[in-house]
*Asks:* 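Structure incoming, see below.
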Amino acid sequence: MVQINDFLALDIINNLPLTFHSAKDLRGRVESLPSSPRWKSHVIPTSHPTKSPAVLYWWDPLECIASLFNHPLSHRLHSSQGEHAWEMQSALPHGTTLLGTILSSDKTCITALSGDRVAHSILISLANIHMDIHLKSSSNAFLLAALLPVSKFIHTNK
């Protein structure tokens, strides 16, 4: 904390238009940011022996959608297109929004050099987010919602 305060006290830093002027102010701003969903896990029982336990990791999908909706870049939401979507939207109470959900999956190497662990990542996003934001990987328009394990079974020779 002292080092951060010393850094913030430098003349070159003092001239910047920062909204915080001490380590305590900075920490308060960080703590006020919305939190992300919490990871959950479950060991999947298998009927045959595996080299390591099959563990499913996931976030609650509704918490993922809420996190995406509350992300600062989601202010660029656009209305769903299509006549059926407009009919559905008009049937909703005032102040609510119809949110389309996008799920995608891909095989991912978790540890290439130390155990060759593989999983299928499940990504979630909102269809209401503009395409120009979806296309930027730095925009965090997709969240990793789950990791489905790919188990390696132990084969016994008879």
Side-chain angles (χ1 to χ4, degrees), residues 4 8 16-20 23-155:
I4 294 173
L8 292 172
L16 296 174
L18 299 176
T19 58
F20 56 89
K24 185 177 180 180
D25 291 343
L26 176 61
R27 182 181 176 115
R29 293 204 175 267
V30 169
E31 288 177 352
S32 70
L33 292 171
S35 63
S36 64
R38 301 285 176 227
W39 282 107
K40 297 172 177 64
S41 66
H42 177 71
V43 176
I44 301 169
T46 59
S47 57
H48 299 287
T50 58
K51 291 185 178 182
S52 59
V55 182
L56 170 67
Y57 294 96
W58 80 95
W59 279 349
D60 182 319
L62 292 178
E63 289 178 17
C64 290
I65 290 170
S67 178
L68 285 167
F69 194 74
N70 291 323
H71 192 278
L73 289 177
S74 70
H75 71 279
R76 299 264 332 257
L77 289 176
H78 65 84
S79 300
S80 301
Q81 297 179 359
E83 195 166 315
H84 183 66
W86 282 111
E87 289 172 13
M88 290 172 53
Q89 179 68 44
S90 64
L92 295 174
H94 181 70
T96 59
T97 303
L98 182 64
L99 294 175
T101 304
I102 300 171
L103 293 174
S104 64
S105 177
D106 197 10
K107 188 174 180 181
T108 306
C109 293
I110 305 291
T111 57
L113 300 175
S114 60
D116 198 26
R117 309 257 340 232
V118 177
H120 285 277
S121 57
I122 306 293
L123 303 172
I124 190 169
S125 187
L126 296 175
N128 303 58
I129 297 174
H130 273 274
M131 185 60 68
D132 60 336
I133 293 176
H134 268 155
L135 294 176
K136 292 181 186 174
S137 60
S138 62
S139 70
N140 299 321
F142 284 88
L143 283 180
L144 177 63
L147 280 174
L148 304 174
V150 176
S151 297
K152 291 187 177 182
F153 292 95
I154 298 172
H155 300 285

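Because the structure is predicted, anything quoted here is derived from the model rather than measured.
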*Asks:* Please report the interatomic distance CG(Leu16) to CG(Leu8), rounded to the nearest 0.5 Å.
*Replies:*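 Answer rounded to 0.5 Å: 9.5 Å.
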*Asks:* Mind listing the closest non-hydrogen atom pair of Leu147 and Ala119 along with its distance?
*Replies:*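 It is CD2-CB, 4.1 Å.
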*Asks:* What heavy-atom pair brings Ile65 and Thr101 nearest, and what distance separates the two atoms?
*Replies:*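 So the two residues come closest at CD1-OG1, 3.8 Å.
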*Asks:* Trp59: which residues meet the ring-ring contact (aromatic ring centres under 6.0 Å, His included) condition with it, sequence neighbours left out?
*Replies:*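 For Trp59, the residues satisfying ring-ring contact (aromatic ring centres under 6.0 Å, His included) (neighbours in sequence not counted) are Trp39.
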*Asks:* If you look at every heavy atom in Glu63 and Arg38, which pair is closest and at what distance?
*Replies:*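 Distance-wise, the nearest heavy atoms are OE1-N, 3.8 Å.
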*Asks:* With sequence neighbours left out, write down each residue that passes side-chain hydrogen bond (donor to acceptor under 3.5 Å, both in side chains) with Ser121, or none if nothing qualifies.
*Replies:*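 Here the qualifying residues are Thr108.
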*Asks:* Once you round to the nearest 0.5 Å, how far does OG1 of Thr50 lie from NZ of Lys152?
*Replies:*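 Here the rounded value is 11.5 Å.
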*Asks:* Please give me the minimum heavy-atom distance between Leu68 and Ser125, naming the atom from each residue.
*Replies:*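 Residues Leu68 and Ser125, closest heavy atoms: CD1-CA, 3.5 Å.
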*Asks:* Rounded to the nearest 0.5 Å, what separates atom CD1 in Ile122 from atom CG in Leu144?
*Replies:*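 Answer for the CD1-CG pair, Ile122 versus Leu144, is 9.0 Å.
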*Asks:* Indicate yes or no: at least one non-hydrogen side-chain atom of Leu103 is less than 4.5 angstrom from one of Leu123.
*Replies:*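 The answer is no; the side chains never approach within 4.5 Å.
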*Asks:* Please find the pair of heavy atoms, one from Ala54 and one from Ser151, that lie closest to each other, and give the distance.
*Replies:*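 Result for this residue pair: CB-OG, 3.2 Å.
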*Asks:* Count the heavy atoms of every other residue, nucleotide or ligand shown that sit under 6.0 Å from NZ of Lys51, and state whether that count exceeds 12.
*Replies:*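 Not buried by this count: 12 neighbours or fewer within 6.0 Å.
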*Asks:* Holding to side-chain hydrogen bond (donor to acceptor under 3.5 Å, both in side chains), I want the full list of residues that pass it with Thr19, two or more places apart in sequence or in another chain.
*Replies:*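 Thr19: side-chain hydrogen bond (donor to acceptor under 3.5 Å, both in side chains) contacts with Arg29.
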*Asks:* Would you compute the distance between atom CD1 of Ile102 and atom CD1 of Ile124 and round it to the nearest 0.5 angstrom?
*Replies:*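 Answer for the CD1-CD1 pair, Ile102 versus Ile124, is 9.5 Å.
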*Asks:* Specify the closest pair of heavy atoms between Pro45 and Val43, including all atoms of both residues, with the distance to one decimal.
*Replies:*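 Closest pair (atom of Pro45, atom of Val43, distance): CD-O, 3.4 Å.
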*Asks:* Nearest 0.5 angstrom please: His42 NE2 to Ile44 CD1, how far?
*Replies:*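 Atom-to-atom, His42:NE2 and Ile44:CD1 are 6.5 Å apart.
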